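Chain A is the first sequence line, chain B the second, and so forth, proteins listed ahead of strands; every chain is numbered from 1. Note: hydrogens, waters and symmetry copies are ignored here, and every other heavy atom, side chains too, is used. The shown structure was predicted, so the numbers you read here are calculated from the model rather than taken from an experiment.
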Number of protein chains: 2
Amino acid sequence: MKGLDYVLLAGLWVEPRSGYDLAHWFQRAAHYYWAAHHSSIYPTLAGLEKGGLIIYQLAPSERGPKRKVYSLTEAGKTILQAWVGQPPQPPEIRDEQPVKVLALDLLPLEEAVKHLEAAKGRAQEQSDMYSAMLLQMDEEERDRGERHWLGPRLNLMRGIQIQEGYVRWCNEAITLLQASQNQRSKNAFVGS
Amino acid sequence: MKGLDYVLLAGLWVEPRSGYDLAHWFQRAAHYYWAAHHSSIYPTLAGLEKGGLIIYQLAPSERGPKRKVYSLTEAGKTILQAWVGQPPQPPEIRDEQPVKVLALDLLPLEEAVKHLEAAKGRAQEQSDMYSAMLLQMDEEERDRGERHWLGPRLNLMRGIQIQEGYVRWCNEAITLLQASQNQRSKNAFVGS
DNA sequence: CGGCGCATGTAACGGGTTACATGATTCC
DNA sequence: GGAATCATGTAACCCGTTACATGCGCCG
């Protein structure tokens with residue numbers, strides 16, 4: 001069992017879903033902690049089903065082919081529980097943004113600032129999206145029966161916190177960048 | 001040119017280093033934004049050298065074989081500059097911790113809290129490590145001539161911010177978890 | 001009737017991880 | 001002399017991404 005297997009089990013524990021739903025979940029709510037494309041999701045779901053950890057019910061879609069809505073079996077729940085009890089593997093991240101920051105002094109000040117502003121904009125957008133999802137989740141809370149909402153809620157809160165932190169850091173970075181540039185020109189002036 | 005190529009160029013722009021140094025850098029300072037093992041670093045460095053983007057000088061090590069200390073060529077600097085000017089690819093993350101949070105209600109309260117405390121401890125440790133590196137960087141600032149320190153400094157600040165945010169979130173999460181548990185028992189009591 | 005969103009899949013390719021492999025030097 | 005750290009590399013395997021492939025149903 002690889003990482004994605006457990007992630008899908010956890011996703012289905014929150015609420016029964018189709019492969020298509022899970023793919024969207026990865027693109028939106030889960031985007032800041034796990035990435036997966038539909039082409040890896042479908043085969044993995046098939047494997048889990050063969051292993052008896054999940055089952056699916058065919059459900060009509062309003063538009064498009066029939067949906068395979070998967071849910072955990074008792075066996076699946078047991079496996080998931082055992083995995084959740086273990087300490088997590090250290091996270092694997094590949095984020096180009098901080099790498100580019102390392103060489104920010106290769107760009108003219110103006111362009112460097114523009115890039116940081118862009119990064120800030122993206123973070124703000126994400127933050128707003130998570131906030132909207134949190135609001136929506138609170139509104140739906142009453143009529144949601146079978147759903148386990150605490151985990152997703154905590155993760156949304158974390159997503160918002162991360163993005164807000166990023167926005168603050170972008171502002172600091174812009175300030176420091178401009179300050180260091182001023183320092184450089186002042187030295188050049190004094191030195192000349 | 002793949003992602004790692006540019007990351008290594010950026011790493012060498014900060015300061016000339018050997019493959020071994022870069023591997024350590026990934027394990028420590030760069031750990032929160034990029035992962036790479038030495039077995040992928042060495043072949044990639046060889047490729048960059050063949051392409052004329054970096055060159056190395058053999059330097060004796062105090063202990064162990066000779067070190068290949070790589071640095072950017074003009075061509076490498078140009079390529080890096082062009083890459084830094086482009087908007088970054090969206091980050092790719094695989095972090096099991098938030099996935100486990102999704103299914104935290106599968107564990108008894110006590111164990112769930114224990115896991116969050118452990119996560120908090122790890123975050124605090126990381127935060128302290130980054131703080132120590134930041135201090136060290138400030139102390140070394142005087143005698144460091146050729147080094148580009150602003151980028152690494154900004155990234156360390158960000159690392160600290162992220163880990164501190166994580167610690168705060170863990171505390172909130174523990175509180176909410178215990179509150180929801182109380183809620184559940186109260187409902188059970190009223191309902192019975 | 002074409003395009004878009006829904007919905008599920010397969011296959012080739014690429015890249016990174018795990019494991020294998022080697023060797024120098026110092027400390028105990 | 002064995003263990004630990006420094007230092008560089010290779011090869012098999014796994015897994016995920018990119019691209020290919022198919023088909024339904026609504027809206028304009």
Side-chain angles (χ1 to χ4, degrees), chain A residues 1-8 11-12 16-28 30-31 33-51 54-70 89-96 99, chain B residues 1-8 11-12 16-28 30-31 33-51 54-70 89-96 99:
Chain A
M1 297 259 292
K2 54 191 167 173
L4 184 56
D5 286 301
Y6 296 106
V7 178
L8 293 181
L12 296 175
R17 284 190 260 209
S18 70
Y20 190 80
D21 294 335
L22 288 163
H24 277 261
W25 174 57
F26 284 119
Q27 278 175 24
R28 289 175 51 79
H31 188 252
Y33 58 88
W34 202 277
H37 291 215
H38 75 276
S39 59
S40 61
I41 294 170
Y42 288 122
T44 306
L45 283 173
L48 290 170
E49 202 247 326
K50 234 170 268 168
I54 60 177
I55 43 164
Y56 69 86
Q57 279 186 292
L58 282 175
S61 115
E62 281 144 50
R63 172 165 135 162
K66 277 176 194 158
R67 298 158 48 77
K68 287 184 176 179
V69 178
Y70 290 90
Q89 300 284 122
E92 260 179 65
I93 311 182
R94 292 182 204 211
D95 187 356
E96 289 189 348
V99 179
Chain B
M1 296 260 291
K2 55 191 168 173
L4 184 56
D5 285 302
Y6 296 106
V7 178
L8 293 181
L12 296 176
R17 284 189 260 212
S18 69
Y20 189 81
D21 294 336
L22 288 163
H24 276 261
W25 174 55
F26 283 120
Q27 279 175 24
R28 289 174 52 79
H31 187 253
Y33 59 88
W34 203 278
H37 291 213
H38 76 276
S39 58
S40 61
I41 293 170
Y42 288 122
T44 305
L45 284 172
L48 289 169
E49 203 247 326
K50 233 170 269 169
I54 60 177
I55 44 164
Y56 68 86
Q57 279 186 292
L58 282 175
S61 115
E62 281 144 49
R63 170 163 134 163
K66 278 175 194 159
R67 298 158 47 77
K68 287 184 175 179
V69 178
Y70 290 90
Q89 300 283 124
E92 261 179 63
I93 311 181
R94 290 174 210 218
D95 186 356
E96 289 189 348
V99 179

Student: Please confirm whether any donor atom in the side chain of Ser39(A) sits under 3.5 Å from an acceptor in the base of dT18(D), or the reverse.
Tutor: yes
Student: Select base, sugar-phosphate, or nothing to describe what Ser40(B) touches, counting heavy atoms under 4.0 Å on all strands.
Tutor: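 Ser40(B): base contact, heavy atoms under 4.0 Å.
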Student: Are any non-hydrogen side-chain atoms of Leu45(B) and Leu22(B) less than 4.5 angstrom apart?
Tutor: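 Side chain of Leu45(B) against side chain of Leu22(B), heavy atoms only: contact under 4.5 Å found.
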Student: What is the separation between atom OH on Tyr6(B) and atom P on dG15(C), rounded to the nearest whole Å?
Tutor: 12 Å
Student: Measure the distance from OH on Tyr42(B) to P on dT17(C) and round it to the nearest whole Å.
Tutor: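 Whole-Å distance recorded here is 15 Å.
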Student: As a test of reading the structure: which of dT18(D), dG23(D), dC6(D) is closest to the side chain of Pro65(A), going by heavy atoms?
Tutor: dG23(D)
Student: Please report the distance, rounded to the nearest Å, between CH2 in Trp34(A) and P in dT17(D).
Tutor: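 Spelled out: CH2 on Trp34(A) to P on dT17(D) is 10 Å.
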Student: Return whichever of Lys66(B) or Glu92(B) has its heavy-atom-nearest nucleotide of DNA chain D closer to the 5' end.
Tutor: Lys66(B)
Student: Rounded to whole Å, please give me the gap between CZ in Arg63(A) and C1' in dG25(D).
Tutor: 7 Å
Student: Measuring from the side chain of Tyr70(B) (C-beta onward, heavy atoms only), which nucleotide among dG9(D), dA7(C), dT10(D) has the closest atom?
Tutor: dG9(D)
Student: Can you tell if the side chain of Lys68(B) reaches within under 4.5 Å of the side chain of Leu58(B), non-hydrogen atoms only?
Tutor: yes
Student: Near DNA chain D, under 4.0 Å by heavy atom, which residues of residues 18-28 of chain A?
Tutor: none
Student: For residues Leu48(B) and Asp5(B), determine if any side-chain heavy atom of one lies less than 4.5 Å from a side-chain heavy atom of the other.
Tutor: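 In contact.
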Student: Expressed as a whole number of angstroms, how long is the span from Ile41(B):CD1 to dA7(D):P?
Tutor: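 To the nearest whole Å, that distance equals 14 Å.
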Student: Could you give the CG-to-P distance, from Leu8(A) to dT8(C), as a whole number of Å?
Tutor: 13 Å
Student: Which residue lies toward the 5' end of DNA chain D, His38(A) or Glu62(B), if each is placed at its nearest nucleotide?
Tutor: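 On the 5' side of the pair lies Glu62(B).
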Student: side-chain contact (heavy atoms from CB on, under 4.5 Å) for Asp21(B) and Tyr70(B)? Distances and angles first, verdict last.
Tutor: CA-CA 10 Å; Asp21(B) 294 336; Tyr70(B) 290 90; over 6 Å; no
Student: Are any of Lys68(B)'s side-chain N or O atoms less than 4.0 Å away from OP1 or OP2 of dG9(D)?
Tutor: yes
Student: Find the distance Arg94(B):CZ to dT17(C):P and express it as a whole number of Å.
Tutor: 11 Å
Student: So how far is it from Trp25(B) CH2 to Ser18(B) OG, rounded to the nearest 0.5 Å?
Tutor: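 Going from CH2 on Trp25(B) over to OG on Ser18(B), the span is 13.0 Å.
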Student: With rounding to the nearest 0.5 Å, note down the distance linking CZ in Phe26(A) to CG in Leu8(A).
Tutor: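 Separation between the atoms: 5.0 Å.
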Student: With under 30° as parallel and over 60° as perpendicular, where do the rings of His24(B) and Tyr20(B) fit, or are they tilted in between?
Tutor: tilted
Student: Provide, to the nearest angstrom, the distance between the CG atom belonging to Leu45(A) and the C1' atom belonging to dT10(C).
Tutor: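 One finds 15 Å between C1' of dT10(C) and CG of Leu45(A), rounded.
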